[in-house]
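To start, the structure under review is shown below, and the notes come after it.
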Amino acid sequence: MADLAIDPRMELNPPLVQGGMTYSDVTDKISSIVEGKAPKRWYIGMAVAVPLALLLFACLGYLVATGIGVWGNNSPVGWGWDITNFVWWIGIGHAGTLISAILFLFRQKWRTSINRAAEAMTLFAVACAAIYPLFHTGRPWRAAYWLFPLPNEYLHMWQNFRSPLMWDVFAVSTYGTVSALFWFVGLIPDLATLRDRATTPLRKKIYGLLSLGWRGSATQWRHYELAYLLLAGLSTPLVLSVHSIVSFDFATSLLPGWHTTIFPPYFVAGAVFSGFAMVVTLMTLARWIYGLENLITMKHLENMCKVMLATGMIVGFAYGTEFFIAWYSANQYERFIFLNRAFGPYWWAYWSMIACNVVAPQFFWFQRFRTSIPAMFILSIFINIGMWFERFVIIATSLHRDFLPSSWGYFRPTWVDIGTYVGTIGLFLTLFLLFLRFLPAIAISEVKGVLHQQVSAGQAAPVHGGSH
Amino acid sequence: MLEAVLSRLGLPGYESGAQQQVYGVIGEFATPEDLLRAIRTARAAGYTQMEAYSPFPIHGVDEALGAPRSPLGRIVIVFGLLGLSAAVLLQWWTGAVDYKLIIAGKPLFAFEPSVPIMFELSVLLSAFATVLGLFHLTRLPTYYHPLFNYSRHAAASNDRFLLAIEARDPKFRAEEAKLFLDSCGSLHTEVVEA
Amino acid sequence: MNELIQLNLSNLTGRKYWRSLNQLADTPEFRQWVEREFPEGASELLDSGSRRTLLKLMAAGFGLAGLTACRRPVEKILPLSKGVEGYVHGRPLHYATAVQACGAATGLIVECNDGRPTKVEGNPRHPFSLGATNAFQQAMILDLYDPDRARQVQKQGVKSGWAQFESWWLEAASKLGDGAGLRILSPRTASPSLDALKAEIAKKYPNSVWVEYDAVNFDRVVEGARLAFGQPLMPQYRFDQADVVVALDCDFLGLDTMTAQPVKQFAARRRPEEGRELNRLYAVEPNFTVTGAMADHRLRARASDIAAVALALARELNVSGAELKVLDGAGGRQKKFLAAVAKDLLAHKGRSLVLAGPRQPAEVHALVALINQALGNLGQTVSYTRPPFAPADSLAAVRQLAGDLAAGRVTVLFALGGNPVYSLPADHNWAELFRKTAAVALAFDENETWKAALWQLPEAHPFEAWGDVRALDGTASIQQPQIQPLFGGRSALEIAALIAGRPQRRGYDIVRSYWTSQWGADAEKKWQQALYEGVIEGTRFPAVEVKADAARVLAAIQPALKAAPAGIETVFYPSWHTFDGRFANNAWMQETPDPMTKLVWDNAALLSPATARRLGVQDGDVLELSAGGRQIHCPAMVLPGHADDSISLQLGFGRAACGRVGRGVGHRVEGLRAEANFWFGPAEVRRTGAKYKLVTTQEHHTLIEPITGLKRNNIVEEFTVEEYRRRAEHGKHEPHPPTDLFPEFDYSKGYQWGMAIDLNACIGCNACMVACTAENNIPVVGKEQVGKGREMHWIRLDRYFSGEEDDPQAVMQPMACVQCEKAPCESVCPVAATAHSPEGINEMAYNRCVGTRYCLNNCPYKVRRFNFLNWNKDVPEIRKMVFNPDVTVRMRGVMEKCNYCVQRIEEKRSQAKAEGRRPIRDGEVLTACQQVCPADAIVFGNINDPESRVAKLKRQARDYAVLEELNTKPRTTYLARLRNPNPELV
């Protein structure tokens, strides 16, 4: 049973909620974001994000109307930026569920003020990712439903369940659905709070409808906590499985550079790596926009920096292992493909990847960097870039020079490739800003739970000086 | 049918025919500790039908109220296994029975390649079971509840902790209950209409 | 019988089309637009500059489709039910015919679907086809439906008609008198009935002159024989009889013969399985040709040094008692080489063959004749017959013609076919000269000649007109039309009849009457037989007994054999894309890569790595070549194995007046080609500093990896005959099979299709690529898209160099889908769009494919092709007539690839079923690539039948699977390349 009471093993020092906040302070602070007017900075953000999102739809429209040929894909490089971006986004989509689920199971209380936003990020990242598997197909209007096991009128055929792409369809859609459920369940009590605070009838109706009439009765909390625990329990293996399955797209092929067993763990570590990087990027932004210093404390950010350092080391180790295995396998094609990555036509991509993913995180050994907002912001951006390059290197460099030298080629992106990619970033930011604006970005009830423990541990005074 | 749904949702005008006029007496407390103390005293005093309302789950309330364990886990297991078998059936029937195709000379059905989808479907159905089960057990959505007649019910989602002694309690007498809660240190006590 | 089908055809084709449309909307713009058949830039796809216009054009296309579809023909239709006997609707009909190029004919069989000729095959009865064709003959079918063909009789670009032209001619003819002012210029033709007409014209206009000219011709070969034997003769080779072949600048497997015969004969001697010992080929050549690629030993030499080589060889062989002077140029390495060659030749007297290419001067051919005589090869491996065409020095003739034109001595000039203004020697400005007189151009498309002429007449395609042609050995065939002229064109034969003033001017009457006069009595029967068989019995020329007085001949030719000047020289070659320009508007040929350079949609100045280093030139650097005060620009391309100080140029590019496909494609090198350096000659080279984008289909040249420098084995296997003999003793080496994770699928029953490709026979001539394109409706994507790696060929020819860069060897490897039993592409397709048939074919369900391209990524052979764009979007209506009705035209976004011509398998299956459920015989199903292959390098059949040819080949010790270690179990396996080196030269 989820136990939010004091846990003697846990050191809450410094406290996760600072500034001597009371329960109602927490409510007011978080709700005010939703209830008050949006700050100028929010509008600045939207001014950047929305046009980019529109660019995405323009590019997709052109793509569907004209054909994959508007991208740089070719033979032998059948997959280019499309699947690169897909894997990148899916990876980013990992931190959310990881933070909410796994940290929850491990009783990592510091998750409370970031998990809500992280989950939202997951959903939006998965939404962006899901665009690619659909639109990278030559005939999306058919792929849209032929990829699901619906008895189709057309050929009365079924899918080929041996295909990793089929596994992807199930993994990604399941992951998206479960994350959404997890997120919504977490939102219900806070929506009720907003309902109760609502001043205008419209708000009352909307939040009233969304909160499903939640009352916070002991009975409800009882089932609620179990449900939350179960969802966390389900999400944990799920989050690990998703990127493993995505990695099967490559691991189960026979292409040198893809055909390798290290991929599942390596991909998951990379996903967590990039996911946390993105969380840090967004959290530092959210702090900047809404001044949530007391709720998203340096402790949260520092912990995430540590996670990035750890996963970054794992990823770096994986890069090394790949080379070792390629040499150890004594397989000519394997050996060539890896040397070709580092010293072939795509050397620049490979070394950018190393610089961003292996070198950059090393700064997090020093507290000075772990506790400096600008530093961690810049480094997290670097890591995001590096992880994009990792996927590009895996896909493009393996494909462009495979078995028969006669069919070797090279991949060059077109403006549509770039537009589509930048566009998804725009869509992602738009959705995230809308989330910040209209939903409680921080789990109110959970923060109160943590606060209650601090109180009991005699660290803060929630009521005295509180609102009567 | 629609009637039934609407009354289930408890939308205004469709309230389920309330027999008794009084829901119960609700008292308000400042801290979870006060609430727990009040519940324990009330139990000692012999009250059995009580409900507590709080902005966040409080450890010990369930025990204090003597609530049974949630059955949600069992529901989820069942649906999980359902998903698993659905996945196996789907992959076996489509591949090896309904539409046989020679794919790379591989067996028409084998377990190894079926594992990912078996896993995913199990998780998917479990998750749905969890959420729908939760809704069922907590009677969500319900858009009408007597609690909302309590003048300060909003505090329950902010920083106050409420204790309701319900009318269906055999020992229930509105006045007594009100006095009792005040005596427990309730900051504001009301008799609430059903 | 042929009459009948024509009657129907006239209703099925062109005429109906345009009439109905004209009636429909009679505005001049519309009419003009319709006659263009498609607006300007319609085939934008080909230089995919602006996709936007395509949308418009597509709309236009649909418009046309609708219009043409809904119109009833104007003329009376003869119902097919009463039509051709034995005609079953939906079943193709096949007609024998013959076409000629450069005075040499090849017999063909053309497949017609519902009156549309759709596919060309070789005529097995024809001695120069033997059932095969080359790439060009395959592509002719596309020319037939070229929307840019000349469609309208015009006078100086103003619309006119045949009637007006004829009346003009009658008037002009009346003033001609003895014909002193009449000149007729035509390509080399070997046509009995045309010869008859020539005679009539000569009789009617004694002073008229008929000049024959081809940009690529055999003049020097015939002249060489005259020098040697005193009479103009055409050598007839028997490569199948030759154990040792020495080719002096002679690409006899490639473009120096327009027929399949030499390849068939040569390849027959490269199969150790057939018991006869392998022949040995020595090639001495400037350019790296496919012949050089087949050679067991190859010597790089400038074209102008070949004379020295021939002389040195003659000396080694001591062709005459007299001492021979030796020219410098034959260096040390050459001496060793020639000594060994001479020894080898002497060891094979009577079973050897030395031959020189048409580029070489007559003296060299004479010398070669002497050598063959000295080796006792005359009558054995080489015999001589009279040439099938009138022997004449065409260069002298055109020089004379230019003089007459300049002097205004010509009143009427007929240019019957070809494109002389484009291809005649650059000494004169032919466009200007043509304008000095009343020039009548009979042209297939609105080419340079058409533009320069007074009267512009549309020429009928060989598949549209009656005629008769002779093969190189004289064998005559009837050229039988497959379809009525789509645009009312006429043949040179018909114009000649007009000039001769014959009453009957229909090609049919002309040809028929000629042969009737030849046959006399049972003419009717013979005529039917000639049409049916495609060859006319007893027309082959008898071999002429020849004997040369070596000493006298040598004395005569020695003065002409001069030492070649040092410095860079240019050599002109026909092009694998356009030949001499006649295929410039043929998208299939433009997109089929050059076998050695893999270049598409361009020509280039080929030079050796050493020369390139010396000149500081890299691929794509535009060079300025100048000779005799003339300059041309051409991008350079480095070709390993090319001779130093020599630059090879391909003819037929940079067409100024041409259809949409070929206009401005490549660089015109004819501008440098004067009489003096007609084939080769010294030139100045200068780098202009400009860059030009050359696009090839193969970027990496060798099997050696960059970075590691390791060679990739298991792709091409290559042995010397010795190694192979030892290997064969052990029998076929079976690699111990890797253990499988799951039970094999049972392929032991029924037909199991498989293929064996003999790398030792394949010469890389591209015929299979074009045949496949024609058979399977494969789209053309254009230079830019090929540059992006999006070419669509289902079968490609991988060319790998080995050995040192300056003097490498080359191997050709045809690569199509190898139909893996454990196909990696199948297991990854999420929608099961590609799956295995029970007969072992890896099949694509186009309409199920959603285009994830995962199969392409997972295909180790990279033979899958993806429709990145809608390549068929802007196909003009008429161009659609070439589509094979048995094969789907694929849409955008789906994957496609070779499927062993499954439509042909099914056709034979139903035929076999109809014939009493008999099994399909071995060799009954021929894939398109197999049927066309002049080297018989591709064998297809049922591997479950141990007696089938393919099964037998797969049992050979040199049978291997590409990338065997991947355990994909491909159904297409390869027979290793063998080399038969001279022990003295290794």
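Predicted, not measured: the structure shown is a model, and the values here were computed from it. Per chain, numbering begins at 1; letters A, B, ... match sequence-line order.
Residue A/A218 comes nearest to B/V61 through the heavy atom pair CB-CG1, 3.7 Å, listed as atom of the first residue, atom of the second, then distance. What you find for A/S24 and B/D159 is that their closest heavy atoms are CB-OD2, 3.6 Å.
Looking at B/W92, neither its backbone nor its side chain comes within 4.5 Å of chain A, counting heavy atoms on both sides. Both the backbone and the side chain of A/L234 come within less than 4.5 Å of a heavy atom of chain B. Looking at B/E33, only its side chain comes within 4.5 Å of chain A, counting heavy atoms on both sides. With a 4.5 angstrom heavy-atom cutoff, B/L162 does not touch chain A via any of its atoms. With a 4.5 Å cut-off on non-hydrogen atoms, B/P55 touches chain A through its backbone and its side chain both. B/P107 touches chain A through its backbone: at least one of N, CA, C or O sits under 4.5 Å from a heavy atom, while the side chain does not. In this structure, no portion of B/Y150 lies under 4.5 Å from any heavy atom of chain A. Using a 4.5 Å cut-off between heavy atoms, A/L209 contacts chain B through both its backbone and its side chain. Proximity to chain A involves both the backbone and the side chain of B/Q91, based on heavy atoms less than 4.5 angstrom apart. Interface residue B/L137: backbone and side-chain heavy atoms are both found under 4.5 Å from chain A. With a 4.5 Å cut-off on non-hydrogen atoms, B/L65 touches chain A through its side chain but not through its backbone.
Among A/S244, A/A227, A/S217, A/S445, the residue with the largest count of heavy-atom pairs under 4.5 Å with chain B is A/S217. For the set B/I117, B/L90, B/I58, B/I103, the entry with the most heavy-atom pairs within less than 4.5 Å of chain A is B/I117. Taking chain A as the reference chain and counting heavy-atom pairs below 4.5 Å, the highest number among B/P32, B/G73, B/A155, B/G60 is found for B/P32. For chain B, the option among A/V169, A/I444, A/L231, A/N160 with the highest count of heavy-atom pairs below 4.5 Å is A/L231. For the options B/G133, B/A156, B/A154, B/G95, heavy-atom pairs under 4.5 Å to chain A are most numerous at B/A154. Your options are A/V178, A/T193, A/T27, and the one with the most heavy-atom pairs under 4.5 Å with chain B is A/T193.
Within a 6.0 Å sphere centred on NZ of B/K171, heavy atoms belonging to other residues, nucleotides or ligands number more than 12. Heavy atoms from other residues, nucleotides or ligands lying under 6.0 Å from NE2 of B/H188 number more than 12. In the displayed structure, B/Y47 atom OH is contacted under 6.0 Å by more than 12 heavy atoms of other residues, nucleotides or ligands. Within 6.0 Å of the CD1 atom in B/I77, the count of heavy atoms belonging to other residues, nucleotides or ligands does not exceed 12.
With A/W167 contributing its side chain and B/P113 its backbone, the two residues share a donor-acceptor pair below 3.5 Å. Judged by distance alone, with hydrogens and angles left aside, the side-chain atoms of A/E225 form no donor-acceptor pair with the main-chain N or O of B/P57 at under 3.5 Å. Remark: side-chain polar atoms of A/Y23 are not paired, donor with acceptor, to backbone N or O of B/R160 under 3.5 angstrom. Checking side-chain atoms of A/R162 against main-chain N and O of B/L108 turns up a donor-acceptor pair under 3.5 Å. Looking only at distances, no side-chain donor or acceptor of A/R215 sits under 3.5 Å from a matching main-chain atom of B/H153.
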Verify side chain to side chain contact (heavy atoms under 4.5 Å, CB included) between A/D196 and B/N158, making sure each step is shown before the conclusion. CA-CA 9 Å; A/D196 295 344; B/N158 181 10; over 6 Å; no
Does the side chain to side chain contact (heavy atoms under 4.5 Å, CB included) test come out yes or no for A/Y228 and B/L134, once each step is laid out? CA-CA 9 Å; A/Y228 202 79; B/L134 170 68; over 6 Å; no
A/L212/B/F135 under side chain to side chain contact (heavy atoms under 4.5 Å, CB included): CA gap, chis, key distance, verdict: CA-CA 9 Å; A/L212 307 174; B/F135 286 3; 3.6 Å; yes
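Side-chain contact between B/P71 and A/H223 is present, with at least one heavy-atom pair separated by less than 4.5 Å. Here the side chains of B/T94 and A/P149 are not in contact, with every heavy-atom distance at 4.5 Å or above. No side-chain heavy atom of B/T138 sits less than 4.5 Å from a side-chain heavy atom of A/W221. Residues B/R139 and A/T219 form no side-chain contact, since every pair of their non-hydrogen atoms from C-beta on lies 4.5 Å or further apart. Counting heavy atoms from C-beta outward, A/P237 and B/F119 have side chains that approach closer than 4.5 Å. A/T177 has its side chain within reach of B/F128: a pair of non-hydrogen atoms, C-beta onward, lies under 4.5 Å apart. At a threshold of 4.5 Å between non-hydrogen side-chain atoms, the residues B/W93 and A/W158 count as touching.
Under the 30°/60° scheme for interplanar angles, the aromatic rings of A/H452 and B/F56 are found to be tilted.
Between A/H156 and B/Y99, a ring centre-to-centre spacing not shorter than 6.0 Å is recorded. The distance between the ring centers of A/F161 and B/F109 does not fall below 6.0 angstrom.
Once rounded to the nearest 0.5 Å, the distance linking CG of A/L191 with OG of B/S157 reads 11.0 Å. Taken from NZ in A/K205 to OH in B/Y143, the straight-line distance is 12.5 Å, to the nearest 0.5 Å. B/T130 OG1 to A/L230 CG: the interatomic distance, rounded to the nearest 0.5 Å, is 5.0 Å.
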